[in-house]
Amino acid sequence: MSLRFFNTLSRKVEPFVPRDTGKVAMYTCGPTVYARAHIGNFRTFLVSDLLHRYLKYLGYDVTWVMNLTDIDDKTIKGANAEGISLRDYTDKYIALFHEDRKIIGITDATMYPRATEHIPEMVKMVEDLVSAKHAYLVDGSAYFKIDSFPSYGQLARLNMEEMRVGERVASDEYEKEDVRDFALWKNWEEVDGPVAWDTSLGKGRPGWHLECSAMSLKYLGKGFDIHLGGVDLIFPHHQNEIAQTEGVTHEPLARYWVHSEHLLVDGQKMSKSLGNFFTVTDMLEKGWRPREIRYGLLSGHYRQRTNFQASGLDSIKQALARFEACAVNLEHADGKGGLPELRDIVARREQEFRDAMDDDLNYPEALAAVFNFVREANTLCQEHKIGSEERALAVATMKRFDSVLGFLSLDEAVADPEAAEIEALIEVRNEARKSKNWAEADRARDELTARGIILEDRAGKTIWRRK
RNA sequence: GGCGCCGUAGCCAAGUGGUAAGGCGGAGGUCUGCAAAACCUCUAUUCAGCGGUUCGAAUCCGCUCGGCGCCUCCA
């Protein structure tokens, strides 16, 4: 089987066939940079990261674009409240976004275009939409005319005729021909302060949806492969993107739409009032290590609401410790002759891994294959069948798995400030053990245990780790 | 009102027509000075409940109960 995933357009799992053989062009709706992104946002970006990593694993040449929304109501409000320029304000949050995403191992996208750097492209698109009679200008603002686009509502499976129209329509949009029409360009208002662009459309700023249409078209072209985002963006954001782009190109914006479900924290939607609203930094402060955050955020299938439990840390630590133990076991293995057996195991488990990922990115099942591989590799170590050749194969296999999983390589080998002290105590204990002075040996162990250090006596060597 | 999702062991979580993956936890065992880790065995006759379709259902259909999402700017 080959790669296939659930396409929101068809609501079916479809085989993935790229536009250009061997190449994939994908676009992810990135963060609005008015505040530090929370772990729910990152869960969505992590899904894109997982797909990006897996496509690379499969050998595709991937172009991944993630936009940065640096112009909208919230960024304007924030910048004006602080009395600094929109640029300075958003620069700050863009830096924090990159800092956080690197911590949890989200790979670099090919580019991170900013909305404010694509105003001419957006203006051009509005002009084209106006000439195509898909848009109209009123009082310095431009609106997309929904009636002009018959398939509007299709992505979200909304029947526009029966849609409730009412109290949620903002009062400042009374000039629209139809309340359902959406803004492409917004006329400057007092509250915008210094934030405005003087263009052929007048003084104002772009509507939210327009940037993604303009930038995805510019960098990925017509009918690119995969567009990703959170489920909440299906309507109206992605629907509007489709209307804007296709109104100009008359071709599908993207051929596959992949949407990730929301993250719940302790069974509930994240919200500041419930006190379950966390950023990556918050998690680090609560004692989570980067790899633990990544593992926790990816604990379920991407189309399933995933419950992130603050109390799940111990369970996650234990699971990750299995991988570490396997690495240590392989490192200290001193046997031989297991190559044929190991080759079978590698082939079988890697096939399972691929089959699972191919099947709509079934990450939990792929992870199960990796856990099974770990158990079998451990068994071979125990049976003294692992020598240098076998070790090389097993380690290379784990690295290949981790090129997709991405948590094993996170935060490894950070020098422990107390390492010298700890190792001195271990030396004391080992001296005592040599002379069979068990009381003294246990005293050293107890002291280390009290400091949160776990010892493991291996053949000829004692290794340690923090709990 | 419209569209749609979910309910699997103590916990997390796959599986969506062929007889319940994986992780954590728990019980017993091997190994070990003691441990730890690893490994082995066991830990859901059963998939919210009740009916139905089928040779066969956690998987399909209906109803009920219980959670939840979207319906104009929230990942």
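Just so we're on the same page: letters track the sequence lines, and every chain starts at 1. On a predicted model such as this, the values are computed, not experimentally measured, just so you know.
- Taking 4.0 Å as the cut-off between side-chain N and carboxylate O, R451(A) and E418(A) count as a salt-bridged pair.
- Side-chain proximity of N372(A) to the nucleotides A35(B), G22(B), C71(B) is greatest for G22(B).
- Of the residues listed (F407(A), F353(A), Y57(A)), the one engaging F401(A) in a ring pair (Phe, Tyr, Trp, His ring centres under 6.0 Å) is F353(A), and it is the only one.
- Remark: side-chain polar atoms of Q351(A) are not paired, donor with acceptor, to backbone N or O of R348(A) under 3.5 angstrom.
- A salt bridge is absent between K176(A) and D181(A): the closest approach of a Lys/Arg side-chain nitrogen to an acidic carboxylate oxygen does not fall below 4.0 angstrom.
- Between E383(A) and K385(A), at least one side-chain N (NZ, or NE/NH1/NH2) sits under 4.0 Å from a carboxylate O, which counts as a salt bridge.
- Residues D72(A) and R205(A) are not paired through a salt bridge, judged by the lack of any N-O separation under 4.0 Å between the basic side chain and the carboxylate.
- The two residues P31(A) and N67(A) have their closest heavy-atom pair at CD-O, 3.8 Å.
- Closest to the side chain of Y295(A), out of A37(B), G69(B), G23(B), is G23(B).
- Nucleotides G69(B) and A37(B), compared at atom P, are 41 Å apart to the nearest Å.
- Salt bridge R391(A)/D334(A): absent, no basic N to carboxylate O contact under 4.0 Å.
- Distance CZ (R180(A)) to C1' (U72(B)): 12 Å, rounded to an integer number of Å.
- Shown for residues 301-314 of chain A: residues whose heavy atoms fall under 4.0 angstrom of RNA chain B, namely H301(A), Q304(A), R305(A), N307(A), Q309(A).
- Scanning both residues, M125(A) and A214(A), for their nearest heavy atoms gives SD-N, 4.0 Å.
- Comparing atom distances between the E365(A) side chain and each of A14(B), C73(B), C34(B) picks out A14(B) as nearest.
- Using a 4.0 Å heavy-atom cutoff across all strands shown, L233(A) reaches sugar-phosphate atoms only and no base atom.
- Counting to the nearest Å, the P atom of G4(B) and the CZ atom of R11(A) are 8 Å from each other.
- Across all strands, K74(A) comes closer than 4.0 Å only to sugar-phosphate atoms, never to a base (heavy-atom distances).
- With C3(B), G33(B), G15(B) as the choices, the nucleotide that has an atom nearest any side-chain atom of D442(A) turns out to be G33(B).
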Report, one pair per line, the protein and nucleotides 38-44 of chain B atoms (nitrogen or oxygen only) whose separation is under 3.5 Å.
residue	atom	partner	partner atom	Å
A38(B)	O3'	N378(A)	ND2	3.0
A38(B)	O2'	Q382(A)	OE1	2.9
C39(B)	OP1	R322(A)	NH2	3.4
C39(B)	OP1	N378(A)	ND2	3.3
C39(B)	O4'	Q382(A)	OE1	3.4
C39(B)	O4'	Q382(A)	NE2	3.3
C39(B)	O3'	T379(A)	OG1	3.4

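- Closest to the side chain of D232(A), out of A75(B), C24(B), A13(B), is A75(B).
- The interatomic distance linking I104(A) (CD1) with A75(B) (P) rounds to 15 Å, in whole Å.
- A donor-acceptor contact under 3.5 angstrom links the side-chain atoms of R445(A) to the base of A35(B).
- Annotation: U32(B) and C39(B) have their C1' atoms spaced 14 Å apart (nearest Å).
- For the P atoms, the distance linking G66(B) with G22(B) amounts to 35 Å, nearest Å.
- Checked against G22(B), A13(B), C24(B), the side chain of F371(A) finds its nearest nucleotide in G22(B).
- One finds a salt bridge joining D49(A) and R53(A) here, because a Lys/Arg side-chain nitrogen approaches an Asp/Glu carboxylate oxygen to under 4.0 Å.
- We find that R458(A) and E331(A) are not joined by a salt bridge, their nearest charged nitrogen and carboxylate oxygen being 4.0 Å or further apart.
- Comparing the same atom, P, in G17(B) and in G25(B) gives a spacing of 33 Å after rounding to whole Å.
- Under a 4.0 Å N-O distance rule, the pair E456(A)/R465(A) qualifies as a salt bridge.
- Among the heavy atoms of the strands, none lies under 4.0 Å from N240(A).
- Among the protein residues, H262(A) comes within range of the nucleic acid bases, having at least one heavy atom under 4.0 Å from a base atom.
- Taking a cutoff of 4.0 Å between a charged side-chain nitrogen and a carboxylate oxygen, D147(A) and R180(A) qualify as a salt bridge.
- Between K461(A) and A37(B) there is no side-chain polar atom (N or O) within less than 4.0 angstrom of OP1 or OP2.
- Salt-bridge annotation for R303(A) and D360(A): present, with a side-chain N of the basic residue lying under 4.0 Å from a carboxylate O of the acidic one.
- Only the C1' atoms considered, U59(B) is 13 Å distant from U54(B), to the nearest whole Å.
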**Fill in**
Read 5' to 3' with Watson-Crick or G-U pairs under 3.5 Å, [ ] for crossing pairs and | for partners on another strand, RNA chain B gives ((((((((.[[[..)..(...]]]((((((.......))))))....[[[[[..)....]]]]])))))))....
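- Between M357(A) atom CE and G22(B) atom P there is a gap of 19 Å when expressed in whole angstrom units.
- Counting to the nearest Å, the P atom of G22(B) and the CG atom of L367(A) are 12 Å from each other.
- Straight-line distance from the CD atom of E456(A) to the P atom of A36(B): 10 Å, rounded to whole Å.
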**Item:** Trace of the ring pair (Phe, Tyr, Trp, His ring centres under 6.0 Å) decision for F144(A) with Y136(A)
**Value:** CA-CA 7 Å; F144(A) 188 95; Y136(A) 56 91; 9.3 Å; no
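- Each of C34(B), A75(B), U72(B) was ranked by its minimum atom distance to the side chain of R429(A); first place goes to C34(B).
- A distance of about 9 Å separates the C1' atoms of U8(B) and A13(B), rounded to the whole Å.
- U41(B) sits 25 Å from C47(B) when the C1' atoms are compared, rounded to a whole Å.
- Side-chain atoms of P236(A) lie closest to C73(B) of the nucleotides C73(B), G15(B), A75(B).
- The CD1 atom of I234(A) sits 10 Å away from the C1' atom of G4(B) (whole-angstrom rounding).
- Distance NZ (K317(A)) to P (A36(B)): 19 Å, rounded to an integer number of Å.
- Nearest-nucleotide positions on RNA chain B place F182(A) closer to the 5' end than the other of F182(A) and G30(A).
- Within the 4.0 angstrom heavy-atom criterion, no nucleotide atom of any strand lies near L264(A).
- Spacing of P atoms, A35(B) relative to A27(B), comes out at 15 Å, to the nearest Å.
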